[in-house]
Amino acid sequence: EWNISMKEMLELVELKVLTMDDLDAAIKTEFPACRSGFKNEEVPTKGSYFENGVGYECFTPDVLNLGVAPSILIENVKQRF
């Protein structure tokens with residue numbers, strides 16, 4: 001699976017590269033947010049980086065929150081163009 005946002009996928013629909021049916025067929029997973037962690041020192045941890053004082057974690061809603069099947073997208077676009 002490739003990760004992408006719905007906003008980015010809808011831009012491809014607006015450009016007529018993909019159709020909504022293409023999206024429906026290709027989207028395999030969808031989730032509301034991703035967790036990103038940034039560790040500032042390499043030490044063993046239990047729990048979050050922030051709880052251990054070794055970094056920062058944040059959630060990024062609607063960023064890279066779709067898992068799409070590239071083979072389906074490529075095949076559909078290849079047939080269209």
Side-chain angles (χ1 to χ4, degrees):
E1 290 183 1
W2 288 346
N3 289 89
I4 192 167
S5 71
M6 180 60 84
K7 179 182 179 289
E8 292 166 314
M9 293 298 287
L10 291 174
E11 289 172 1
L12 294 173
V13 172
E14 287 177 26
L15 294 170
K16 308 236 185 286
V17 174
L18 299 173
T19 66
M20 288 305 291
D21 287 340
D22 293 335
L23 294 190
D24 291 340
I27 295 172
K28 299 303 176 190
T29 57
E30 186 171 359
F31 39 93
C34 292
R35 181 187 71 80
S36 300
F38 306 93
K39 201 172 182 184
N40 58 19
E41 70 180 276
E42 197 58 44
V43 295
T45 60
K46 287 187 179 185
S48 73
Y49 295 164
F50 185 73
E51 291 170 338
N52 287 275
V54 295
Y56 178 76
E57 294 176 338
C58 64
F59 285 89
T60 52
D62 301 323
V63 176
L64 301 176
N65 64 318
L66 296 180
V68 298
S71 58
I72 293 172
L73 292 175
I74 291 168
E75 188 58 36
N76 289 349
V77 171
K78 188 169 70 173
Q79 290 176 13
R80 190 168 304 114
F81 294 96

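Side-chain contact check for L73 versus L12: every heavy-atom pair is 4.5 Å or farther apart. In this structure, the side chains of L66 and M9 come closer than 4.5 Å at one or more pairs of heavy atoms. No side-chain heavy atom of T60 sits less than 4.5 Å from a side-chain heavy atom of R35. Between C58 and F38 there is a side-chain heavy-atom pair separated by less than 4.5 Å. Between V68 and I4, some side-chain heavy-atom pair lies under the 4.5 Å cut-off.
Side chain of E8 to backbone of S5: a donor-acceptor contact under 3.5 angstrom is found.
The environment of F31 atom CZ is dense: over 12 non-hydrogen atoms of other residues, nucleotides or ligands sit within 6.0 angstrom.
By the criterion of side-chain heavy atoms lying less than 4.5 angstrom apart, applied directly or through intervening Ile, Leu, Val, Met, Phe, Trp or Tyr residues, F81 is not grouped with I72; the two fall into different hydrophobic clusters. Cluster annotation: M6 is connected to V17 through the hydrophobic network of ILVMFWY side chains, with a link wherever side-chain heavy atoms come within less than 4.5 Å. Tracing side-chain contacts under 4.5 Å through hydrophobic residues (I, L, V, M, F, W, Y), one never reaches V63 starting from I27; they form parts of separate clusters. Under the 4.5 Å side-chain contact rule for hydrophobic residues, I74 and L15 share a cluster.
Applying the salt bridge (charged side-chain N to carboxylate O under 4.0 Å, His left out) rule to pairs touching residues 19-34 yields D22-R80, sequence neighbours excluded.
Using modelled atom types, one finds a donor on one side chain and an acceptor on the other under 3.5 Å when comparing E1 with T29.
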Next on the checklist: Could you walk me through whether L18 and N76 satisfy the side chain to side chain contact (heavy atoms under 4.5 Å, CB included) test, starting with their C-alpha distance in whole Å, then the side-chain angles of each, then the deciding distance to 0.1 Å, before giving a yes or no?
Outcome noted: CA-CA 8 Å; L18 299 173; N76 289 349; 5.6 Å; no

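Residues meeting the salt bridge (Lys or Arg N to Asp or Glu O under 4.0 Å) test with K16, sequence neighbours left out: none.
The CG atom of N3 sits 6.0 Å away from the CG atom of L64 when rounded to the nearest 0.5 Å.
Of all heavy-atom pairs between A33 and P61, the closest is CB-CA, 3.8 Å.
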